[in-house]
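Given the structure is predicted, the values throughout are model-derived calculations rather than measurements. Below, read A as the first sequence line, B as the second, and so on, with proteins coming before strands; counting in each chain starts at 1.
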2 protein chains.
Amino acid sequence: MFSLAEENYLKAIYHLEQEHNGEVSTNAIADRMDTKPSSVTDMVQKLAEKEVLSYKKYKGTLLTPSGRKIAANVIRKHRLWEVFLVEKLNFHWDEVHDIAEQLEHIQSEELVVRLDKFLGHPDFDPHGDPIPDKHGNVKRTEKKLLSECEKNQRGVCVGVKESSGEFLQYLDKRKISIGTKIKVLGKEFFDGSMIIQVGNDQFFISKKIAENLYVQTN
Amino acid sequence: MFSLAEENYLKAIYHLEQEHNGEVSTNAIADRMDTKPSSVTDMVQKLAEKEVLSYKKYKGTLLTPSGRKIAANVIRKHRLWEVFLVEKLNFHWDEVHDIAEQLEHIQSEELVVRLDKFLGHPDFDPHGDPIPDKHGNVKRTEKKLLSECEKNQRGVCVGVKESSGEFLQYLDKRKISIGTKIKVLGKEFFDGSMIIQVGNDQFFISKKIAENLYVQTN
DNA sequence: TAATATTTTTAGCTTAGTCTAAAAATAAGG
DNA sequence: CCTTATTTTTAGACTAAGCTAAAAATATTA
Ligand SMILES: [Mn+2]
Ligand SMILES: [Mn+2]
Ligand SMILES: [Mn+2]
Ligand SMILES: [Mn+2]
């Protein structure tokens, strides 16, 4: 029904919609997909014909509910395959994206159902991103302070409570910014300090740090 | 390096070469691939440019060693994925071909290595077809009498010893002909009779039948 | 608000892979 | 061996998806 190229566009637009929460511009799509804006205009007009997105010249695009469902399903497959590659084939989590980029386009409802079951119905991919359910719904959660997180919880940094220069510099040094994924590897009850994982780095943070970082948890 | 369409052509030509053992005609390829002969001519000329097959106008084509290796690798992936689908995802063996037709085109050396390992380095796919090794070599075996086969062995019918009308009619009734795959489910030492599987059917055969059927075993 | 800069679209080309219709080569039959 | 049938190739067109260059719309800013 939808070609590989069309699926990739829908997926990119889906992600961009979340990020900008709202219409997505032609240039933003071109940037994300490594194509030229003129190519995007063509494709977006075709997808508007197919009613998977709404488009007004010069005004940007928004997915329709049906387009959003298709995109979510591609993302579901992408993330399920990533789980498979890491959990079953023992790939490292940072090696799997490009393979999943191909596997996400395999067409077979039944395959997805069985893969999901085989993997034990996982809720998150190896990067900590949530796996949409079969209806395209993603479990979206409230933000909270990192200090409220438990061991093994994952979250995405969505903001800071205090924003002094020193604190922001500290975050910068630790390569933490909005959108950074954080996993709690350990938590000390005595002083509330934590060991966390950020990208490939693991390090200690004090309770004070943890109390000033907002995360959106899984 | 090679597109999905090119890979499918190479694979089809590979199979046709075995079947006709020799040059493959344009029409034969068109038939197999469900395309028009004119499309085949175009593609075959392109593949000849790329030196994966040799082609002389009106004379048919033959894969070069490099073309044969590429084809065998696609077939390797196809059959490994079929094993995965049946053994791990519990698909029935007659449901997996179309999905494998897509999965065989996923590009990743490492994925194949790990999938092969995960599956325990299988030698045959769920249909009993041999899985080429990483160098494109297929274990080709001698033909022998079905009566010489052991329990759980699989073979492809490649001929008969006696060819009386009654015998051939029997084979016909049982839907056994050249190319039919047979699996030995059980063997009785006392009288040499067997239970065999042919397609979805399972039935008894006497020693006399088994002694007159040549099979190529895995 | 008028000039300038940026974004987006259009127009026209390109390549891969397919098709139909017609021409050319080869094979078969009398 | 000549005529007819079959196979194969060529010529020309089409669609999907991309590109460049130029035009048009929108946004910025002096
Ligand atoms: Mn990914
Ligand atoms: Mn993709
Ligand atoms: Mn198959
Ligand atoms: Mn295929």
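Contact check, Y9(A) against dA16(D): no side-chain N or O comes under 4.0 Å of OP1 or OP2. Of the side-chain N and O atoms in S39(A), one or more sit less than 4.0 angstrom from OP1 or OP2 of dC19(D).
Protein atom CD of Q45(A) is 13 Å distant from nucleotide atom C1' of dA11(C), rounded to whole Å. For M43(B) and dA16(C), the CE to P distance is 10 Å, given to the nearest whole Å. For K56(B) and dT26(C), the NZ to P distance is 13 Å, given to the nearest whole Å. Summarising the geometry, the separation between CE on M33(B) and C1' on dA16(C) is reported as 14 Å, rounded to the nearest angstrom. Rounded to an integer number of Å, the gap from I29(B) CD1 to dT9(D) C1' is 14 Å. Rounded to whole Å, the distance from CD on E7(B) to P on dA16(C) is 16 Å. To the nearest angstrom, C1' of dG12(C) lies 11 Å from CG of D42(A).
Under the ring-ring contact (aromatic ring centres under 6.0 Å, His included) criterion, the residue pairs touching residues 93-123 of chain B are H78(B)-H97(B), W93(B)-H127(B), with sequence neighbours excluded. Applying the side-chain hydrogen bond (donor to acceptor under 3.5 Å, both in side chains) definition to pairs two or more places apart or across chains, those involving residues 10-27 of chain B are K11(B)-E101(B), K11(B)-E104(B), Y14(B)-Q18(B), E17(B)-R68(B), E19(B)-R32(B).
Aromatic ring pairs are classed by plane angle as parallel below 30°, tilted from 30° to 60° and perpendicular above 60°; the pair Y170(B) and F167(B) is parallel.
Shown here are the side chain to side chain donor-acceptor pair (under 3.5 Å) partners of H135(A), two or more places apart in sequence or in another chain: there are none. Partners of E211(B) under the side chain to side chain donor-acceptor pair (under 3.5 Å) rule, at least two apart in sequence or in another chain, do not exist in this structure.
Shortest non-hydrogen contact noted between V138(B) and P130(B) is CG1-CG, 3.5 Å. Closest approach of V96(A) and E82(A) over heavy atoms only: CG2-CG, 3.8 Å. When all heavy atoms are compared, the tightest approach of A30(A) to K36(A) is CB-C, 3.9 Å.
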> How would nucleotides 2-8 of chain C be written as a contact map, 5' to 3', with B for base contact, S for sugar-phosphate-only contact and - for no contact, using protein heavy atoms under 4.0 Å?
Replying inline: -----SB
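Ion pairing of D129(A) with K181(A) is present here, as a side-chain N (NZ or NE/NH1/NH2) and a carboxylate O approach within less than 4.0 Å.
Sorted by residue number, the list of members of residues 11-22 of chain B with any non-hydrogen atom under 4.0 Å from DNA chain C is empty.
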